[in-house]
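See below for the structure under consideration.
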There are 2 protein chains.
Amino acid sequence: MDTRTPPPERSPWLPFESRRRARDEKREAVLRTAVQLFLEQGYHRATLNEVADRLNITKPALYNYFRSKEDILFECWTIGQERVEDRIAEIAAADESGLVTLQMLVRAYAAIMASTFGASLVRFNVADLSEPNQKATLAGKRRIDRAFRNAIKQGIADGSVKPCDVKLTAFAILGALNWIGHWYKPGGELSPEQIANDFASRLTADIAKRPAKKPAEKKATKPVRKK
Amino acid sequence: MDTRTPPPERSPWLPFESRRRARDEKREAVLRTAVQLFLEQGYHRATLNEVADRLNITKPALYNYFRSKEDILFECWTIGQERVEDRIAEIAAADESGLVTLQMLVRAYAAIMASTFGASLVRFNVADLSEPNQKATLAGKRRIDRAFRNAIKQGIADGSVKPCDVKLTAFAILGALNWIGHWYKPGGELSPEQIANDFASRLTADIAKRPAKKPAEKKATKPVRKK
DNA sequence: CGCGTATATTACCCAAGGGTAAGAAAAAGT
DNA sequence: ACTTTTTCTTACCCTTGGGTAATATACGCG
């Protein structure tokens, strides 16, 4: 009767064990478990009891770290969003041509979409957030959109990209990218990096002015981890 | 206090009015109202009471037409899926080259994605369906996927399409298309037909062997309505 | 008209699950 | 050791909303 199955993820709350880890680490663990569950079962079907169970704690303990379920959802989204915006800032700082910038954006965004928090940007329903949080997500989406559109515009201006409808081009590219968050499953044949590289050339092939050669892959095997 | 707003959609149940319309018409009205609400607020936030209210009836009346809320959700999905599959069958029967077939598929699918039931294929969460219904949706998605992949394969075989990774190409195209269901809003600048035509050439430009000319638009102004 | 059937309504049930109150159990401070 | 603070648990509350039972109303038909 006491053959309890081990928790699916290494948890800071080991049963009958030392629980002295730092607060932030625990917060993060909650988020990781929650995203996972939200993605698996959907936000509404996933219960806080289940989240707590996976962490070897009980539901009310979660309220030491978050004020509500929606709070958790929003933080998951925030993490994904921040990762994207960090990369966007980096890429903007590189100050490359429009086409290269676009390709870098595609590669970065694709890789993030193939991660748990990245997928949460696309798999969660905006309607499940409070009104102020909805505003925040909307603003975030717009910033991403603008980054892509700006790269395309710049490319047209600097001659690296063929003239085209900027808005629809961005929609098409972002659509293909966002969809990754729906089909990508960790154990598949393709690694996130492979997908990212493939999409970087694929999605820019038709608007690249030069005969679309593969976008430069600096340090493809060991991508720079920031921070 | 009795300035009651008129129901947002013409409903077969006009208050104090003749309610003798055919059963199927009512079923359909329920579905239309339900999809609308599910898309607006998400499946879980939308209540059956609200669906009923919009139709000038009460919740239990809905159970004359559907066995459960999930039943309604699934039927919404089914309608969208059938529309897609009907068009796929038509296009397959046309027996064009791989490239043209692909372009026809893109155009048809894009137009459907910009409709309510079409969007429901993408905006609803599979996890909200019963297990058998999940199976059904999965099988449906696979059939759509196969149609696109087959067109690409055929195109490579008949020389109308450049050799490419069939799977990823299909993912990219379907991603861009599915995303329409997330951003398209009826009152926008672009009509579904415009989007469909644009995407048909845009998404096939890079893999078309001939210098990508616009796909043939037979009867562009007045598309054939089936049945 | 009266009877059966389909369709709606009112009134209710009840499970699920987010959230809270009160207090135990550690951890940390002194 | 004693107190204080943080963390976690047990026990509970309570709204929400899908679903049902019983019943009323309209419709079709002989």
Side-chain angles (χ1 to χ4, degrees), chain A residues 4 7 11-30 33-34 37-38 40-76 124-125 127-130 133, chain B residues 7 11-31 33-34 37-38 40-76 124-125 127-130 133:
Chain A
R4 50 196 90 178
S11 151
W13 293 271
L14 295 175
F16 305 101
E17 272 288 45
S18 65
R19 310 175 166 174
R20 63 204 72 138
R21 305 262 218 130
R23 182 179 178 82
D24 286 349
E25 245 177 284
K26 294 187 185 172
R27 250 185 88 93
E28 261 188 57
V30 172
T33 308
L37 246 161
F38 291 170
E40 281 172 23
Q41 316 187 354
Y43 175 65
H44 288 280
R45 304 194 89 78
T47 71
L48 291 185
N49 270 320
E50 216 170 336
V51 173
D53 273 355
R54 288 204 185 177
L55 293 163
N56 294 109
I57 53 174
T58 57
K59 181 174 61 175
L62 297 174
Y63 285 82
N64 276 311
Y65 305 98
F66 302 93
R67 283 194 315 258
S68 67
K69 191 186 184 186
E70 191 240 304
D71 207 27
I72 297 177
L73 182 70
F74 181 64
E75 283 236 23
C76 291
F124 295 160
N125 195 336
D128 291 329
L129 293 169
S130 71
N133 286 347
Chain B
S11 151
W13 294 271
L14 296 174
F16 305 101
E17 271 289 46
S18 66
R19 308 176 167 176
R20 63 204 71 141
R21 306 259 219 132
R23 183 180 177 82
D24 286 349
E25 247 176 281
K26 295 187 186 170
R27 252 185 85 94
E28 262 188 56
V30 173
L31 289 175
T33 307
L37 247 161
F38 291 170
E40 282 172 21
Q41 316 187 352
Y43 175 66
H44 287 278
R45 304 194 89 77
T47 70
L48 290 186
N49 270 320
E50 214 170 339
V51 173
D53 273 354
R54 288 206 185 175
L55 293 163
N56 295 112
I57 54 175
T58 56
K59 181 175 60 176
L62 297 174
Y63 285 82
N64 276 310
Y65 305 99
F66 301 93
R67 285 194 314 254
S68 66
K69 192 186 185 188
E70 190 238 306
D71 207 27
I72 296 178
L73 182 70
F74 182 63
E75 283 237 22
C76 292
F124 296 159
N125 195 337
D128 291 328
L129 294 170
S130 70
N133 285 347

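Hydrogens, waters and symmetry mates play no part in the numbers below; they use all other heavy atoms, side chains included. In what follows, every chain begins at residue 1, and chains take the letters A, B, ... in the order their sequences are listed.
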_B:Arg23 side chain near C:dA6 phosphate (N/O to OP1/OP2, under 4.0 Å)_ = no
*Rounded off to whole Å, could you give me the CZ-to-C1' distance for the B:Phe38 and D:dG18 pair?*
12 Å
_Any A:Thr58 side-chain nitrogen or oxygen under 4.0 Å from OP1 or OP2 of D:dC8_ = no
*asked:* Please confirm whether the shortest side-chain N or O distance from A:Lys26 to OP1 or OP2 of D:dT7 is below 4.0 Å.
replied: no
*Validation row: A:Tyr43, B:Asn125 side chains within 4.5 angstrom (heavy atoms)*: no
*Check the distance between C:dA16's C1' and B:His44's NE2 and give it to me in whole angstrom.*
13 Å
*Using atom CG of B:Asn64 as one end and atom C1' of C:dT5 as the other, report the distance to the nearest whole Å.*
12 Å
*Would one find a side-chain N or O of A:Tyr65 under 4.0 angstrom from OP1 or OP2 of D:dC8?*
yes
_Toward the 5' end of DNA chain C, by each residue's nearest nucleotide, B:Leu62 or A:Leu48_ = B:Leu62
*Give the rounded distance in Å between these two atoms: CZ of A:Arg27 and C1' of D:dT7.*
15 Å
*Taking atom P of D:dT9 as reference, at what distance in whole Å does atom CG of A:Asp53 sit?*
10 Å
*asked:* Considering every strand and a 4.0 Å limit on heavy-atom distances, what is the contact class for B:Ala52: base, sugar-phosphate, or nothing?
replied: nothing
*Under the side chain to side chain contact (heavy atoms under 4.5 Å, CB included) rule, what do A:Asn133 and A:Leu73 come out as? Steps first, then yes or no, please.*
CA-CA 10 Å; A:Asn133 286 347; A:Leu73 182 70; over 6 Å; no
*Closest nucleotide among D:dG17, D:dG19, D:dC8 to the A:Ala61 side chain*: D:dC8
*For B:Leu31 and B:Tyr65, what are the C-alpha separation, side-chain angles and deciding distance, and is it a side chain to side chain contact (heavy atoms under 4.5 Å, CB included)?*
CA-CA 10 Å; B:Leu31 289 175; B:Tyr65 305 99; over 6 Å; no
_Is a donor from one side chain sitting under 3.5 angstrom from an acceptor on the other, for B:His44 and A:Asp128?_
no
*asked:* Can you tell me which nucleotide in C:dG18, D:dG19, D:dT9 comes closest to the side chain of A:Ile57?
replied: D:dT9
_Value in whole Å for how far the C1' atom of C:dG18 lies from CG of A:Asp128_ = 14 Å
Between N or O atoms, less than 3.5 Å apart, protein on one side and nucleotides 20-23 of chain C on the other: list the pairs.
none

*Looking at side-chain heavy atoms only, is the closest gap between A:Val51 and A:Ile72 below 4.5 Å?*
no
_Rounded to whole Å, how long is the line connecting atom CG of A:Asp24 with atom P of D:dT6?_
15 Å
_So A:Tyr63 and A:Leu48, do their side chains get closer than 4.5 Å, heavy atoms only?_
yes
*Rounded to whole angstrom units, what separation is found between the CZ atom of A:Arg45 and the C1' atom of D:dG18?*
12 Å
*For B:Glu40, what residues pass the side-chain hydrogen bond (donor to acceptor under 3.5 Å, both in side chains) criterion, not counting sequence neighbours?*
B:Arg54
